[in-house]
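Working notes, structure below.
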Amino acid sequence: MRAADNPSGFLNATYASETWANFGWFGIMLSSTFLGFFLHSVNLWIWKLKKTPEKISIYSIMVASVLNLISGNVTALLQSKGFVILYFFTLLGNMTLVKTIKDNSQIINRSLKCL
Amino acid sequence: MVKIVRQASQKCTLYKPLYCPKNGEHLIILINILIYIFIKQKKLKTKTILLGVTILLFFPLLIFYIRAVSLKIGSPLQFAFYSLFNRIFMISARVAMVHYMVFPDYINFLYRSSMNYISCFLGKELFPLSNYLYLYFYP
């Protein structure tokens, strides 16, 4: 590789390289296990939710941000690529949905009692 | 042309994909394609997938083509395809290889100093890994 090929000033590699530089083989195994567990948990959780336009769009952005693991580390994915904030947005949206359903059921119950 | 280490490593953003200039248009296109896939789910055709991939790769290919034309290279289309192939399949692997060559033979393992937020929480100084490796190989 020549410097002219890459004038950016950075050599960004996959998350495995970053964890190798930090902890060696242990880091690779730990980060891969953590990522697999975390991403699949989020995936299963989102698929269980009701399919709405905002959830589909958030899920799509999440999938696109996961592709950044090719040239980024785990903290970059979770923090600057927005995975964590998107996760919280989904959580918040889900909570709002639950809250709305509860409020609606309460209103229905009250109206039924009045009847 | 090499960026200063401090400026590059101290940036702190929570969400940057859509406005980050290095991502370009392809990320927005990718997100739209993914939305379409998730809406359609099992009703996708091979033709649609191929069209999506073509649209996705069109913009980077165009940029490489324009670059080849500006450099006055003989066959710009071939250069564009080769550059795209190189960027997707070769460069990431080469850069990863650089990491495995340097650690731990030349530098000892960093023990979480290059991880942005973790090093910040633990009060360690951030080690600019990618920039350091660049300067190591292109002094």
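Proteins get letters first, then strands, A, B, ... in listed order; numbering begins at 1 in each.
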## Note on the structure
In this structure, CZ of B:Phe103 is separated from OG of A:Ser17 (nearest 0.5 Å) by 10.5 Å
### Query
What distance separates B:Leu110 CG from A:Thr19 OG1, expressed to the nearest 0.5 Å?
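The OG1 atom of A:Thr19 is 11.5 Å from CG of B:Leu110, to the nearest 0.5 Å.
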Applying the 4.5 Å side-chain criterion to the ILVMFWY set and letting contacts propagate, would [X] and [Y] be lumped into a single cluster?
X: B:Tyr132; Y: B:Tyr106; answer: yes
X: B:Phe85; Y: B:Leu77; answer: yes
X: B:Val95; Y: B:Met101; answer: yes
X: B:Ile73; Y: B:Ile63; answer: no
X: B:Leu71; Y: B:Leu61; answer: no

### Summary
Residue pairs meeting ring pair (Phe, Tyr, Trp, His ring centres under 6.0 Å), one or both in residues 64-83 of chain B, sequence neighbours left out, come to none
### Query
Checking B:Leu129 against chain A: side chain, backbone, both or neither under 4.5 Å from a heavy atom?
side chain
### Query
Looking at A:Glu18 and B:His99, what are the two nearest heavy atoms and their distance?
N-CD2, 4.4 Å
### Task
Could you note down all residue pairs passing side chain to side chain donor-acceptor pair (under 3.5 Å) where residues 71-81 of chain B supplies at least one of them, sequence neighbours left out?
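Of all non-adjacent pairs touching residues 71-81 of chain B, those that pass side chain to side chain donor-acceptor pair (under 3.5 Å) are B:Ser75-B:Gln78.
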### Query
For B:Tyr100, which residues count as a ring pair (Phe, Tyr, Trp, His ring centres under 6.0 Å) partner, sequence neighbours excluded?
A:Trp20
### When A:Ala64, A:Ala13, A:Ser60 are compared by non-hydrogen pairs under 4.5 Å with chain B, the top option
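Winner by heavy-atom pair count: A:Ser60.
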## Note on the structure
By residue number, those in residues 24-35 of chain A with heavy atoms under 4.5 Å from heavy atoms of chain B are A:Gly24, A:Ile28
